[in-house]
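These notes concern the structure reproduced below.
Computed over heavy atoms, backbone and side chain alike; hydrogens, waters and symmetry mates excluded. We number each residue from 1, following the sequence as shown. Counting starts at 1 for both ligands and their atoms, in listed order.
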Amino acid sequence: MAKYKTAVIALGGNAISPKGEQDTIANQFRNTRKSCIAIMNFIQQNYHLAITHGNGPQVGNALLRVEMASDIAPRLPLGICDADTEGGMGYMIEQSLQNSLIKAGIDRDVVTLITQVIVDAKDPSIANPSKYIGGWYTKEEIIPLAKKFNWHVKEVPGKGWRRVVPSPIPKKIINRKAIKHLVDLGIIVIAAGGGGIPVYIMESGLYEGFDAVIDKDRASAVLANDIGAQELFILTDVDQIAINFGKNNQEFIDKIHLRDIKNLLKEGHFPPGSMGPKVQAAINFLENGGESVTITSLQTAQIGLEKGKYTRIIP
Ligand code: ADP
Ligand code: MG
């Protein structure tokens, strides 16, 4: 049997909806096709792959539609919006990648799987929801909405008010065996989009969904461990991660060991909500058997890692 490596590629928000651009479907498709250039570089190297992606803007728009149509169409809970965006975005990535493969004359299948992700029913974030989602409001606007839709809301200091939901820590991907079988056959699997749909296990042993979101980088690491991947690639909008990011003494990292990045995380170089979850995902993946994590820009992955700059984290 041919030797191959298995990797998970996590596409950041800008792979599909760059900041400052209107997220029309036409634009999303165009960006997705461009992102496929990066994925094709891995395929050309015979990687076996699972692909994950963010869904922040898309799920935000889905929630807005639910809110605006709430008196004429049945309301959709967050879990359904997550599942819908996994399907819609999965379709975009799947078809764009299929077309890239056809053009390159490569015969490999691509499939999208709606992914439920198990979280702890007692995850502390459930009692203390703090992940901002959906639109922005003034306090006067959000109070009646919170009442109508049963939202938890919170002020973003100095910026406005938003809905908040729990962001529990992902533990296991439910359909991990099916994903692993497909990936081992060389099928490219798009899974855990937007971090997947959070579910917990009830006392009866059955699954139940609830209104929450999972960080896509954390879910990507769990997926990578669950399918026995050796490598995790996190593609975002910076080439490398930095110590003292944005300061005069900023220093980019080429290669770093697990213990050193753990110390830097503790020292506060990687904020929650942006680089923090990526670094935590990298740590978790390596501590659970992963061999390497690469954090770089989509652009570097497009021109080929050997030609660009990246940060590599190893055990
Ligand atoms: P994604 O959509 O790919 O998840 P995020 O915006 O969540 O992207 O995270 C990437 C961002 O993290 C970068 O654009 C950068 O501004 C920010 N960032 C924060 N701390 C660092 C750091 N120490 N090194 C590099 N980037 C950092
Ligand atoms: Mg992010």
As an exercise, identify every atom of ligand 1 less than 4.0 angstrom from a heavy atom of [X].
| X | value |
| --- | --- |
| Ile241 | 24 (N), 25 (C) |
| Phe270 | 23 (N) |
| Ala242 | 22 (C), 23 (N), 24 (N), 25 (C) |
| His269 | 23 (N) |
| Gly273 | 7 (O) |
| Lys19 | 6 (O) |

For atom 14 (O) of ligand 1, the protein heavy atom that lies nearest, with its residue and separation:
Asp237 OD1, 2.6 Å

Of all the non-hydrogen atoms in the protein, which one sits nearest to atom 9 (O) of ligand 1, and at what distance?
Lys278 CE, 3.5 Å

Looking only at side-chain N and O atoms, does Tyr47 offer a donor or acceptor that is under 3.5 Å from a partner on Glu231?
yes

Answer yes if the side chains of Thr294 and Arg312 hold a donor-acceptor pair under 3.5 Å, and no otherwise.
yes

If you take the centroid of each ring, where Trp contributes its six-membered ring, are Tyr200 and Tyr207 closer together than 6.0 Å?
no

Measure centre to centre between the rings of Phe42 and Phe233, then say whether the value is under 6.0 Å.
yes

Show, in sequence, the C-alpha distance, side-chain angles and deciding distance for Asp211 and Arg163, and conclude whether the salt bridge (Lys or Arg N to Asp or Glu O under 4.0 Å) test is met.
CA-CA 11 Å; Asp211 277 1; Arg163 179 180 176 192; 3.3 Å; yes

Could you walk me through whether Ser70 and Lys148 pass side chain to side chain donor-acceptor pair (under 3.5 Å), step by step?
CA-CA 10 Å; Ser70 67; Lys148 179 170 177 185; 3.2 Å; yes

Give the contacting part of [X] toward ligand 1: side chain, backbone, both or neither, where contact means a heavy-atom distance below 4.0 Å.
| X | answer |
| --- | --- |
| Gln240 | backbone |
| His53 | neither |
| Thr236 | both |

Judged on heavy-atom distance to atom 17 (C) of ligand 1, which of Pro271, Gly13, Ser274, Pro277 sits nearest?
Ser274

Inspect the surroundings of CD1 in Ile37 and state if more than 12 heavy atoms from other residues, nucleotides or ligands are less than 6.0 Å away.
yes

